[in-house]
Each structure stands twice: as structure tokens, then as C-alpha cells.
Amino acid sequence: MSKTAYIELPLKPEHAEDFANLANSDEGFALTQKQPGFISAEWMISTAEDGSTCFHLWETWESPEHFGAYLQTPERTEGSKFESAMMNWAAGELRVCWGEPTGVK
């Protein structure tokens with residue numbers, strides 16, 4: 001059965017637009033969608049009343065192992081353009097939680 005990962009990354013407010021542009025680029029979700037085991041993704045960037053920003057992502061994969069294999073691709077490993085941008089633009093720790101896809105009984 002498929003699993004959904006909820007991923008949360010606090011962002012430096014001045015880099016929220018940069019991160020959105022990266023997510024929408026060929027190096028972002030266009031690449032993710034081509035990975036074996038990928039099913040779907042939804043994301044948003046929120047801004048709290050205090051001005052802090054946070055990236056929220058819901059990705060559904062055939063299994064957490066497929067997601068893990070995706071994170072080992074050269075475009076996502078430590079030192080990659082995407083990973084470096086995430087770490088430079090982050091304002092806190094990345095958090096990943098797994099659950100059942102919404103609406104699945």
C-alpha cells in the first residue's frame with residue numbers, strides 16, 4: 001500500500017520565492033515526478049503572522065523505500081544543487097512524517 005510523506009522545512013523568509021522557483025524548475029518536482037515509485041505531490045509555502053515561512057510538502061510514494069532510493073539519486077544527495085539550496089535557505093530542521101494517503105480506508 002502506498003504511503004504519504006509530509007515534509008516540513010522552515011525557510012528564511014527572504015528565500016521563500018527562490019525556493020518556490022527551484023521547486024517549480026526542472027531540478028525540482030519535474031525531476032521527482034519521473035522517479036520510480038512516485039505517485040503524487042502537493043506543496044505550499046506558508047507565512048505566519050510573525051513573518052516566518054515554511055515549506056510544506058505531501059508526497060505519495062509506492063513505499064518509503066522508493067522515497068529513500070530517490071533521495072540517493074545524484075540530484076538529491078548531499079552537495080547537489082537542490083540539497084545545497086535547501087540547506088542554505090532553511091531556517092530550521094527538515095521534518096519528515098509518514099502516514100496513509102488521505103481518503104484511503
Side-chain angles (χ1 to χ4, degrees):
M1 171 175 269
S2 62
K3 295 282 187 182
T4 297
Y6 168 69
I7 299 166
E8 182 178 278
L9 179 66
L11 296 171
K12 296 173 185 169
E14 64 272 20
H15 291 293
E17 186 174 341
D18 296 326
F19 193 85
N21 290 337
L22 179 62
N24 285 322
S25 75
D26 289 341
E27 302 241 359
F29 293 112
L31 177 71
T32 305
Q33 293 171 356
K34 297 175 184 175
Q35 300 305 308
F38 173 82
I39 297 173
S40 67
E42 298 283 334
W43 66 275
M44 64 177 270
I45 295 176
S46 65
T47 303
E49 288 181 12
D50 67 1
S52 62
T53 58
C54 188
F55 170 71
H56 307 270
L57 169 64
W58 296 264
E59 279 188 345
T60 302
W61 292 83
E62 288 179 18
S63 70
E65 292 77 20
H66 283 97
F67 178 72
Y70 156 67
L71 293 179
Q72 297 306 310
T73 62
E75 298 86 1
R76 292 298 184 261
T77 56
E78 188 174 336
S80 68
K81 178 181 175 182
F82 192 88
E83 190 271 344
S84 295
M86 276 184 48
M87 294 305 103
N88 288 330
W89 298 339
E93 295 295 315
L94 180 74
R95 188 175 88 150
V96 179
C97 303
W98 285 95
E100 300 299 322
T102 304
V104 174
K105 296 180 183 195

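Here the structure is a predicted model, which means the values were calculated and not measured. Position 1 is the first residue of the sequence, and the numbers go up from there.
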Nearest 0.5 Å, what's the CE-OG distance between M86 and S80?
9.0 Å
Side-chain heavy atoms nearer than 4.5 Å, only ILVMFWY residues, links allowed to pass through others: does that put L31 and W61 together?
no
Could you tell me the separation between the OH atom of Y6 and the NE2 atom of H56, rounded to the nearest 0.5 Å?
4.5 Å
I need the L9 CG to C54 SG distance, nearest 0.5 Å.
7.0 Å
When you compare the side chain of K81 with that of E27, does any pair of heavy atoms fall below 4.5 Å?
yes
Report the distance from atom CG of L71 to atom CD of E83, rounding to the nearest 0.5 Å.
10.5 Å
How about E62: does its CD atom have over 12 heavy atoms from other parts shown lying under 6.0 Å from it?
yes
What closest approach, in Å, do G28 and F82 show between heavy atoms, and which atom pair accounts for it?
CA-CE1, 4.0 Å
Specify the closest pair of heavy atoms between A91 and K12, including all atoms of both residues, with the distance to one decimal.
CB-N, 3.6 Å
Could you state the interatomic distance from CD1 (I39) to NZ (K3), rounded to the nearest 0.5 Å?
11.5 Å
Examine L57 and L94 and state if one hydrophobic cluster contains both, with Ile, Leu, Val, Met, Phe, Trp and Tyr joined whenever side-chain heavy atoms are less than 4.5 Å apart.
yes
Shortest non-hydrogen pair, S52 vs P13, comes out as CA-CG, 4.4 Å
Give me the ring orientation class for F29 and F55: parallel if the planes are under 30° apart, tilted from 30 to 60°, perpendicular past 60°.
parallel
Any non-hydrogen side-chain atom of F67 less than 4.5 Å from a side-chain atom of W98?
yes
Looking at Y70, is R76 sitting on its ring face, NZ or CZ under 6.0 Å from the six-membered ring centre and within 45 degrees of the normal?
no
Is there a path from I7 to M87 through hydrophobic residues (I, L, V, M, F, W, Y) whose side chains come within less than 4.5 Å of each other?
yes
For the residue pair S63 / E65, report whether a side-chain donor-acceptor contact shorter than 3.5 Å exists.
yes
Without hydrogens or angle criteria, can the side chains of T4 and T60 be said to hold a donor-acceptor pair below 3.5 Å?
yes
Could you check whether atom CD of E14 has more than 12 heavy atoms from other residues, nucleotides or ligands sitting under 6.0 Å from it?
yes
Answer yes or no: is there a donor N or O on one side and an acceptor on the other, between the side chain of T53 and the main chain of L11, under 3.5 Å?
yes
Nearest-0.5 Å distance, CZ of residue F19 to CG of residue N24:
10.5 Å
